[in-house]
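Residues take their numbers from the sequence shown, with the count starting at 1. The figures that follow rest on heavy atoms only: side chains count, while hydrogens, waters and symmetry mates do not.
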Amino acid sequence: GIAIVSSLILKDEIYDEDYNSFDDMSIYGLIDIAGNKISQNKYSQIKEFYEGLAAVCNRYLKWGFINEKGDEVIPCSFSNVKYFSEGLVAVERHSSYSNWGYINKNGEYIIPPKYSKASRFINGYAIVEDNWTFKSNKILIDNQGNEIRAKILDFNPLIGFGYCIKEDNGIYFNIDG
């Protein structure tokens with residue numbers, strides 16, 4: 001495994017892509033498994049690598065993404081981010097309200113920020129919510145942002161947790177992987 005190294009403690013954590021985070025006064029950078037420095041210490045948080053990119057948070061509490069070389073490939077300009085899944089990631093942009101949309105690995109919006117909540121993509125679909133009407137409205141979307149008419153259940157009877165879809169013919173379709 002790979003460890004997060006801090007100036008105060010050593011924590012055993014499992015991370016993807018064989019990279020470590022290291023701490024210098026709560027500012028993180030990257031080192032490889034041989035201990036070679038990959039990036040400068042300049043982030044307040046670094047998350048795990050998914051699909052070759054890791055979410056990073058700068059000192060202004062804005063999120064972006066770095067690649068395995070430590071290059072910031074998507075600038076830190078988002079209020080919150082999820083993990084990349086199927087080439088897309090949910091990102092939150094604050095205006096007068098929180099707005100979630102989806103960008104690709106080039107930082108381009110594929111699905112514009114218009115949802116109050118957003119999940120990661122699994123098997124080509126994600127669940128988003130539109131709470132602007134003060135009523136929770138879960139919507140299934142595909143990776144192009146097309147809304148799919150379906151009944152989304154909060155409890156998946158197939159596996160006992162997570163989300164699934166109940167189709168009109170009564171068949172359950174698992175969307176939690």
Legend entry - side chain to side chain contact (heavy atoms under 4.5 Å, CB included) between Asn146 and Ile141, intermediate numbers included: CA-CA 5 Å; Asn146 298 311; Ile141 61 170; over 6 Å; no
Inset, instruction - Examine Val89 and Tyr109 and state if one hydrophobic cluster contains both, with Ile, Leu, Val, Met, Phe, Trp and Tyr joined whenever side-chain heavy atoms are less than 4.5 Å apart. - result: yes
Legend entry - Sub-4.5 Å side-chain heavy-atom contact between Leu88 and Asn143: yes
Legend entry - Heavy-atom side-chain proximity of Phe65 to Phe84 below 4.5 angstrom: yes
Inset, instruction - For the residue pair Ile66 and Asp71, establish whether any side-chain heavy-atom pair is separated by less than 4.5 Å. - result: no
Inset, instruction - Taking the side chain as every heavy atom from C-beta outward, state whether Asp142 and Tyr125 have any atom pair closer than 4.5 Å. - result: yes
Legend entry - Side-chain heavy atoms of Lys62 within contact of Phe78, under 4.5 Å: no
Inset, instruction - Can you sort out the partners of Tyr83 under ring pair (Phe, Tyr, Trp, His ring centres under 6.0 Å), two or more places apart, ordered by chain and number? - result: Tyr50
Inset, instruction - For Lys42, enumerate each residue passing the side-chain contact (heavy atoms from CB on, under 4.5 Å) test, keeping only those at least two apart in sequence or located in another chain. - result: Glu72
Inset, instruction - Give a yes or no on whether Val91 and Val73 share a hydrophobic cluster (residues Ile, Leu, Val, Met, Phe, Trp, Tyr; joining criterion: side-chain heavy atoms under 4.5 Å apart). - result: yes
Inset, instruction - Could you pull out all residues at least two apart from Tyr43 that satisfy ring pair (Phe, Tyr, Trp, His ring centres under 6.0 Å)? - result: none
Inset, instruction - Cation-pi check, Lys47 to Trp63: give yes when NZ or CZ is under 6.0 Å from the six-membered ring centre and within 45° of the ring axis, no otherwise. - result: yes
